[in-house]
Student: 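Pasting in a structure now, in structure tokens, and then I'll have a few things to ask.
From a predicted model like this one, the values you see are computed outputs, not experimental measurements. Residue numbers count from 1 along this sequence.
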Amino acid sequence: MPEVVIKGDTAAWIKSGTEYVWNSTHVVDGYHASQYLRKIAGKGTSTALYGALKANDCEAFVKEVQRKLRKSPQREKAIWDGYQYIMANWEGIHKALTQPDAASSTEGHVSHMLSDRLSSRCMGWSPIGDEQIARMRTYIANGGNLEAYARKQFTAHRQTMKPEVNQEILKKEWSRRKLPYCTYIPDKASHMPGRESTSTGEWMRLIENGGYQHIM
């Protein structure tokens, strides 16, 4: 059985996958690896840091970090944070940089394809809506024409529909549930309480005028 690569950040629940999947190894995704390497490098070059990681040369990496500290002592905390992260996950980052078959764009896909529409800026979705939006964004990203797809599905649906609606039962149910300002006869519609108010009346009148339900 080929080796299974479990790629992601260094969260414990991701790394624990190696305990459940046989012949698996954890590899740190490139996004997080480069994020912490940039913390060490700052605005300077990170070539030497990457070179030491690829060569699995821990000593050279430490010397480069020390050089960065001497050059930019005001950035000590950021450099130290990056250094601790890299050293704690050295093996997983080294594999990410040296194993082409471990390449992945998971983080980018999650961020740009899903989170950007589904969870950013305090959005909330039902499980069904979440699934549908995710599928639509994936379809579009893969070159699909959503408008053409929707038109095709709608046309096919209309061709197969054979509505059998009892208009009398439908009218009876609607009359039982309707509000006084939703009526078949606009002239007999009741006014919503508060419609004369200068602060709330405008939107109430809009509801009134848009609430007429006509059953054909």
Student: Could you pull out the closest heavy-atom pair between Ala33 and Val28, with the gap in Å?
Tutor: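 Taking every non-hydrogen atom into account, N-CG1, 4.2 Å.
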Student: Determine the interplanar angle of the Trp90 and Phe61 rings, folded into 0 to 90°, and report it as parallel if under 30°, tilted if 30 to 60°, perpendicular if over 60°.
Tutor: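 If you compare the ring of Trp90 with that of Phe61, the planes turn out perpendicular.
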Student: Ignoring hydrogens and geometry, is there a side-chain-to-backbone donor-acceptor pair from His26 to Asp9 under 3.5 Å?
Tutor: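 Yes, His26 side chain to Asp9 backbone: donor-acceptor pair under 3.5 Å.
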Student: Could you give the side-chain donor-acceptor pairs of residues 42-53 under 3.5 Å, partners two or more places apart or in another chain?
Tutor:
unit_1 : atom_1 : unit_2 : atom_2 : d
Thr45  : OG1    : Thr47  : N      : 3.2
Thr45  : OG1    : Thr47  : OG1    : 3.0

Student: Which atom pair, heavy atoms only, marks the closest approach of Thr25 to Lys95?
Tutor: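 Minimum heavy-atom contact is OG1-NZ, 2.6 Å.
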Student: Hey, mind stepping through Tyr83 and Val62 against side chain to side chain contact (heavy atoms under 4.5 Å, CB included) and telling me if it holds?
Tutor: CA-CA 8 Å; Tyr83 170 77; Val62 172; 3.9 Å; yes
Student: Please say whether more than 12 non-hydrogen atoms of neighbouring residues, nucleotides or ligands are located less than 6.0 Å from OH in Tyr149.
Tutor: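 Result for OH/Tyr149: open.
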Student: Specify the closest pair of heavy atoms between Tyr20 and Ser16, including all atoms of both residues, with the distance to one decimal.
Tutor: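 Closest approach of Tyr20 to Ser16, heavy atoms only: CD1-O, 3.2 Å.
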Student: Could you report the tightest heavy-atom contact between Asn145 and Ala148, atom names first, then the distance?
Tutor: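 Distance-wise, the nearest heavy atoms are OD1-N, 2.9 Å.
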Student: Using only atom types and a distance under 3.5 Å, with no angle test, would you say the side chain of Asp130 pairs donor to acceptor with the backbone of Ser126?
Tutor: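 Looks like no, no N/O pair under 3.5 Å.
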Student: Measuring only between side-chain heavy atoms, which start at C-beta, is Ser34 closer than 4.5 Å to Arg38?
Tutor: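 Yes, their side chains come closer than 4.5 Å.
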Student: Check whether any side-chain heavy atom of Cys58 sits under 4.5 Å from a side-chain heavy atom of Met87, and report yes or no.
Tutor: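 Result yes, sub-4.5 Å side-chain heavy-atom pair found.
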Student: Got a second to check how far Lys7's NZ is from His32's NE2, nearest 0.5 Å?
Tutor: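 These two atoms lie 12.0 Å from each other.
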Student: Tabulate below the donor-acceptor pairs under 3.5 Å that side-chain atoms of residues 71-79 make, not counting sequence neighbours, or state none.
Tutor:
unit_1 : atom_1 : unit_2 : atom_2 : d
Arg75  : NH1    : Ile40  : O      : 3.3
Arg75  : NH2    : Lys39  : O      : 2.3
Lys77  : NZ     : Asp81  : OD2    : 3.0

Student: For Ala60, is there any backbone N or O sitting under 3.5 Å from a side-chain donor or acceptor partner on Asp57?
Tutor: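 Confirmed, Asp57 side chain pairs with Ala60 backbone.
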Student: Between Ile93 and Tyr36, is a side chain to side chain contact (heavy atoms under 4.5 Å, CB included) present by the stated rule, with each step listed?
Tutor: CA-CA 11 Å; Ile93 297 174; Tyr36 284 90; over 6 Å; no
Student: With hydrophobic residues grouped by side-chain heavy-atom distances under 4.5 Å, do Val21 and Trp13 end up in a single group?
Tutor: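 Yes, one cluster joins them.
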Student: Would the number of heavy atoms belonging to other residues, nucleotides or ligands and lying under 6.0 Å from CD of Gln84 be above 12?
Tutor: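 Atom CD in Gln84 is packed in, count exceeds 12.
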Student: Apply side chain to side chain contact (heavy atoms under 4.5 Å, CB included) to Ile14 and Ile6, showing your working.
Tutor: CA-CA 8 Å; Ile14 295 179; Ile6 299 177; 4.1 Å; yes
Student: Examine the side chains of Lys15 and Thr10 and answer whether a donor and an acceptor come within less than 3.5 Å of each other.
Tutor: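 The criterion, which ignores hydrogens and geometry beyond distance, is not satisfied for Thr10 and Lys15.
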